[in-house]
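Heads up, the thing below is written out as structure tokens.
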Number of protein chains: 2
Amino acid sequence: MEEIDRRIVTLLARDGRMSFTDLARETGLSVSAVHQRVRRLEKRGVLRGYAAIIDHDAIGLPLTAFVSIKPIDPAAPDDAPERLAHLAAIEACHSVAGEESYILKVRVASPVALEDLLQQIRAAANVSTRTTVVLSTPYEHRAPDVAPEPASAQDGSV
Amino acid sequence: MEEIDRRIVTLLARDGRMSFTDLARETGLSVSAVHQRVRRLEKRGVLRGYAAIIDHDAIGLPLTAFVSIKPIDPAAPDDAPERLAHLAAIEACHSVAGEESYILKVRVASPVALEDLLQQIRAAANVSTRTTVVLSTPYEHRAPDVAPEPASAQDGSV
DNA sequence: CGTGAAATCACTTAACT
DNA sequence: AGTTAAGTGATTTCACG
């Protein structure tokens with residue numbers, strides 16, 4: 001991926017609703033050239049989608065936590081992500097190296113809701129849990145520095 | 001926050017570039033009524049912004065990790081977030097309950113880049129670090145279920 | 001891959017319930 | 001807060017270099 005695509009990705013990471021007109025101005029290309037590149041980046045999966053950044057306090061989910069999980073039966077097939085996918089409180093699921101097998105990021109309304117969620121997680125995936133409660137979030141969702149890296153496409157499209 | 005605002009927030013959390021026209025269709029309101037509500041939600045800070053969701057593999061940052069940090073000198077003032085803010089590899093910084101004081105989410109190009117980043121973190125914030133490397137991410141950035149919660153605004157605006 | 005132009009559609013404001 | 005209407009500006013497609 002070269003210079004202009006990187007610039008487009010950076011700009012959209014910082015403002016997902018930036019217009020093609022503004023992207024064109026910032027990149028020095030014509031509007032339709034930018035349009036073409038954005039569609040290509042979307043199709044290649046470099047731009048995976050767009051999301052509003054929400055204030056979770058304002059929508060009644062003020063409690064964030066990281067939940068590390070470990071299988072009760074280490075011999076059982078590890079399908080925890082699928083078993084947990086129906087729980088809307090789980091925002092993210094990362095498979096990790098170390099003591100535990102996954103780290104979940106969860107958002108709930110209250111301590112009681114967290115307690116309830118943990119029970120659901122343990123029951124659904126047959127795991128033990130270790131929970132780290134977030135007290136405050138100095139920053140989050142910072143856009144990456146898109147550097148001039150290899151970035152070979154996995155899907156063969158170009 | 002009532003029904004329609006919650007619906008708007010939900011829709012924009014799932015597709016941050018959804019047009020006002022589509023939002024109007026989905027909510028049963030006129031385009032300008034939706035427009036008005038979105039602007040109000042932005043000003044109240046419920047909608048904090050918009051971002052493209054990026055494939056970090058494609059932009060040369062394929063290594064994600066969680067870095068927990070603990071002050072070397074527990075008596076020193078705790079300004080780790082500001083001291084670390086200049087490091088672009090840090091996507092998020094959460095203050096947490098438990099053994100450590102913060103959990104950072106970081107994105108880097110390689111194991112060596114991670115090693116280098118950890119040294120920078122330790123030096124900049126005078127902390128020890130404990131790192132959990134992400135092996136894969138079954139899911140991330142899932143939009144919340146915006147439920148009918150209190151959601152009292154903190155800024156007094158209505 | 002790029003451009004410019006044309007048609008369509010979305011955004012934004014205003015005047016008015 | 002909502003509506004419709006009207007003007008402006010953005011998106012999208014197309015023909016072409």
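Model, not experiment: these values are computed from the prediction. So you know, we letter chains A, B, ... as the sequences are listed, proteins then strands, and number each from 1.
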(request) Might you point out which heavy atoms bring A:His86 and A:Ala124 nearest each other, and give the distance in Å? (result)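 Closest approach of A:His86 to A:Ala124: CE1-CB, 4.2 Å.
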(message) Using every non-hydrogen atom in the two residues, find where B:Ser101 and B:Lys70 come nearest and quote the distance to one decimal.
(response)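 Minimum heavy-atom separation between B:Ser101 and B:Lys70: OG-CA, 4.0 Å.
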(request) Using only side-chain N and O atoms of B:His35, determine if any of them is under 4.0 Å from OP1 or OP2 of C:dC11. (result)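 So the side-chain polar atoms of B:His35 never come under 4.0 Å of the phosphate oxygens OP1 or OP2 of C:dC11.
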(message) For A:Ala89, give me all partners under side-chain contact (heavy atoms from CB on, under 4.5 Å), at least two apart in sequence or on another chain.
(response)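 So A:Ala89 forms a side-chain contact (heavy atoms from CB on, under 4.5 Å) with A:Val108, A:Leu117.
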(request) Please answer whether the main-chain N or O of B:Met18 pairs with a side-chain N or O of A:Arg17 as donor and acceptor at a distance below 3.5 Å. (result)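 A pair under 3.5 Å: yes.
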(request) Calculate the interatomic distance between A:Glu3 atom CD and C:dG2 atom C1'; express it in whole Å. (result)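 Going from CD in A:Glu3 over to C1' in C:dG2 covers 17 Å.
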(request) Starting at CG of B:Leu41, measure out to CD1 of A:Ile59 and round the result to the nearest 0.5 Å. (result)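 So the CG of B:Leu41 and the CD1 of A:Ile59 are separated by 11.0 Å.
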(message) Distance check, rounded to the nearest 0.5 Å: B:Leu12 atom CG versus A:Ile53 atom CD1?
(response)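 Answer rounded to 0.5 Å: 12.0 Å.
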(message) Counting only heavy atoms and a strict 4.0 angstrom limit, can you tell me which residues of residues 9-26 of chain A come near DNA chain D?
(response)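 Heavy-atom cutoff 4.0 Å gives A:Ser19, A:Phe20, A:Thr21.
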(request) Can you tell me which stems DNA chain D forms, taking runs of 3 or more consecutive Watson-Crick or G-U pairs with both distances under 3.5 Å? (result)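 Listed by first number, the stems are C:2-17 with D:1-16.
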(request) For A:Glu82, check salt bridge (Lys or Arg N to Asp or Glu O under 4.0 Å) against everything at least two apart and list the hits. (result)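 Here no residue qualifies.
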(message) Checking B:Arg39 now: which residues fulfil salt bridge (Lys or Arg N to Asp or Glu O under 4.0 Å) with it, not counting sequence neighbours?
(response)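 Only B:Glu42 meet the salt bridge (Lys or Arg N to Asp or Glu O under 4.0 Å) criterion with B:Arg39.
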(request) Please determine if B:Arg130 forms a cation-pi arrangement with B:Tyr102, meaning its NZ or CZ atom is less than 6.0 Å from the six-membered ring centre and no more than 45° off the ring axis. (result)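 Here B:Arg130 fails the 6.0 Å and 45° test against B:Tyr102.
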Protein and nucleotides 2-4 of chain D: nitrogen or oxygen contacts under 3.5 angstrom:
unit_1: D:dG2; atom_1: OP1; unit_2: B:Arg37; atom_2: NE; d: 2.9
unit_1: D:dG2; atom_1: OP1; unit_2: B:Arg37; atom_2: NH2; d: 2.4
unit_1: D:dG2; atom_1: OP2; unit_2: B:Arg37; atom_2: NE; d: 3.3
unit_1: D:dT3; atom_1: OP1; unit_2: B:Ser30; atom_2: N; d: 3.4
unit_1: D:dT3; atom_1: OP2; unit_2: B:Ser30; atom_2: N; d: 3.0
unit_1: D:dT3; atom_1: OP2; unit_2: B:Ser30; atom_2: OG; d: 2.3
unit_1: D:dT4; atom_1: O4; unit_2: B:Ser32; atom_2: OG; d: 2.8

(message) Take a 6.0 Å sphere around CD of B:Glu2 and say whether it holds more than 12 heavy atoms from other residues, nucleotides or ligands.
(response)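 Above 12, so yes.
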